[in-house]
Amino acid sequence: MLKTLAAAALCTILAMSGASAQSATNYPAQPITIVVPFSAGGPTDTVTRLVAQSMSKDLGQQVLVQNVGGAGGTLGAGQVADATADGYTLLLHHIGMSTAPTLYRSLAFDPLKDFTPIGLVTSVPMTLVARKDFEPTTMAELVDYLKTKGTDTTYANAGIGSASHLCGMLLQNALGVKMITVPYQGAAPAMTDIMGGQVDLLCDQTTNTTNQIKGGEVKAYAVTTPERLASLPDLPTTKESNLPALNVSVWHGLYGPAGLDPAIVAKLQASLAKALKDETVKARFAELGTAPATEAEATPDALRQTLTSQIELWRPIIQAAGEYAD
Ligand code: ASP
């Protein structure tokens with residue numbers, strides 16, 4: 001009886017490893033879906049669609065994008081943490097993976113344990129923008145304005161755990177004010193309301209603000225990188241504006257659920273690295289004020305290290321701000 005059971009178990013194990021080897025060899029045999037945990041048309045979506053298009057060509061299978069917005073990116077990330085680890089459901093998420101574990105009192109997933117890192121994708125500068133007719137015209141004027149009227153100012157963000165939320169938190173910390181927060185499912189609808197004049201301020205990635213700044217559809221105050229950007233050379237840095245603490249770039253990474261077959265990870269990593277060298281992707285990234293991750297960065301190890309160190313970096317800053325969500 002025992003022998004029969006042991007033989008059956010062995011057969012199952014052999015069949016499973018055979019199936020896994022088989023699926024890794026044939027991978028991808030069907031379309032792949034990349035979950036973007038924010039709305040369509042926003043910065044994470046823009047980056048993902050550019051990369052997905054290039055990976056589709058390389059992998060010979062459609063790489064589709066599914067937008068699962070809400071709760072600052074944690075809903076979409078949670079969906080991928082629970083997905084089957086077969087390489088057909090992936091996640092492209094940003095810095096929010098490192099802030100969510102501190103911001104959320106109870107989080108349905110562990111960013112370090114429930115995902116398989118594939119590689120870093122890009123790191124996008126942020127810009128502080130406002131509705132066109134918002135009173136302050138320079139960063140110095142904005143600082144003065146917020147110090148006196150900050151509690152009446154509305155600040156749009158993509159929910160607690162989003163990059164726009166983090167940037168707003170840094171601004172509020174630096175000035176010692178609390179604005180009225182207006183959360184959206186992504187930065188795209190937040191930008192629509194900034195352009196429509198329904199909200200006052202937004203800090204968001206250049207991938208979502210460059211065209212609107214250049215087209216004069218929003219008022220821009222500063223960029224959150226230590227140096228000015230080639231794509232927006234007239235925009236001062238936050239450092240130039242005496243706000244050095246408002247220094248943040250939004251790194252993005254590609255993940256699968258935990259337990260992804262290393263052979264599948266290797267295929268996805270190679271395809272990601274190729275996409276990041278694609279001239280069309282590079283040119284579009286440059287227009288939007290960002291640059292692709294380097295070959296060394298577009299690797300599982302680099303993403304794991306970034307995620308680990310960024311969780312440590314942001315924890316005390318978030319704890320000092322005392323801003324949490326359930
Ligand atoms: N990246 C944006 C944010 O975190 C959200 C989005 O991509 O729509 O604010």
Side-chain angles (χ1 to χ4, degrees), residues 34-52 65-80 90-104 107 111 120-130 154-172 179 181-195 199-213 218 220 223-225 246 248-255 284-285 288-290 306-307 310 314 317-318 323 325:
I34 304 184
V35 171
V36 166
F38 297 104
S39 324
T44 317
D45 184 70
T46 300
V47 161
T48 307
R49 283 177 199 271
L50 285 167
V51 169
V65 174
Q66 187 191 0
N67 299 91
V68 183
T74 58
L75 289 184
Q79 184 171 308
V80 177
L90 307 175
L91 171 73
L92 205 148
H93 197 355
H94 61 32
I95 196 166
M97 280 288 260
S98 64
T99 56
T102 311
L103 285 167
Y104 282 81
L107 194 61
L120 282 161
V121 177
T122 183
S123 191
V124 190
M126 300 196 91
T127 48
L128 199 52
V129 300
T154 48
Y155 179 83
N157 70 26
I160 290 199
S162 64
S164 41
H165 166 258
L166 178 65
C167 185
M169 197 177 76
L170 296 177
L171 176 66
Q172 295 187 122
M179 296 181 271
T181 299
V182 187
Y184 292 81
Q185 293 220 340
M191 177 54 92
T192 303
D193 275 7
I194 288 281
M195 291 194 296
V199 264
D200 299 325
L201 265 185
L202 169 68
C203 178
D204 200 28
Q205 287 130 267
T206 53
T207 32
N208 196 42
T209 59
T210 303
N211 293 341
Q212 290 81 347
I213 294 172
V218 296
V223 58
T224 64
T225 42
L246 194 53
V248 56
S249 282
V250 185
W251 57 272
H252 293 59
L254 183 64
Y255 309 80
R284 195 71 192 112
F285 272 24
L288 296 173
T290 190
T306 300
L307 179 60
Q310 289 270 307
W314 293 112
I317 299 170
I318 295 166
E323 206 162 304

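Whatever order the structure lists them in is the order used to number ligands and atoms, beginning at 1. Just so you know, these numbers come straight off a predicted model, no measurement behind them.
- The closest protein non-hydrogen atom to atom 2 (C) of ligand 1 is Gln205 OE1, 3.4 Å.
- The backbone N or O of Met179 sits less than 3.5 Å from a side-chain atom of Gln172, completing a donor-acceptor pair.
- How far SG of Cys203 is from CG of Leu246: 6.0 Å, rounded to the nearest 0.5 Å.
- Using a distance-only test at 3.5 Å, with no hydrogens or angles considered, a donor-acceptor pair links the side chain of Asn67 to the main chain of Phe38.
- Atom NE2 of residue His165 and atom OH of residue Tyr184 lie 15.5 Å apart, to the nearest 0.5 angstrom.
- At a heavy-atom cutoff of 4.0 Å, ligand 1 is contacted by the side chain of Asp204 but not by its backbone.
- The one candidate from Met126, His252, Gln205, Gln310 that meets the side chain to side chain contact (heavy atoms under 4.5 Å, CB included) condition with Ile95 is Gln310.
- At a 3.5 angstrom cut-off on N or O pairs, Asp45 does not count as close to ligand 1.
- Between Leu254 and Val121, the shortest heavy-atom contact is N-CG2, 4.0 Å.
- Ligand 1 places these atoms under 4.0 Å from at least one heavy atom of Ser162: 3 (C), 4 (O), 9 (O).
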**Report entry** Trace of the side-chain contact (heavy atoms from CB on, under 4.5 Å) decision for Val124 with Trp251
**Finding:** CA-CA 6 Å; Val124 190; Trp251 57 272; over 6 Å; no
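- Less than 4.0 angstrom separates some heavy atom of Ala158 from each of these atoms of ligand 1: 3 (C), 5 (C), 9 (O).
- Ligand 1 has an N or O atom lying under 3.5 Å from an N or O atom of Ala163, backbone or side chain.
- The Pro43 neighbourhood of ligand 1 comprises atoms 1 (N), 2 (C), 6 (C), 7 (O), 8 (O), with distances under 4.0 Å to a heavy atom of that residue.
- Here the heavy atom of the protein found nearest to atom 8 (O) of ligand 1 is Ala187 N, 2.8 Å.
- With respect to atom 9 (O) of ligand 1, the closest heavy atom belonging to the protein is Ser164 OG, 2.4 Å.
- Close contacts between ligand 1 and Thr44 involve ligand atoms 1 (N), 6 (C), 7 (O) [criterion: under 4.0 Å to a heavy atom].
- Near Gly186, the atoms of ligand 1 lying under 4.0 angstrom from a non-hydrogen atom of the residue are 8 (O).
- Expressed to the nearest 0.5 Å, how far CG of Leu166 lies from OG1 of Thr224 amounts to 9.5 Å.
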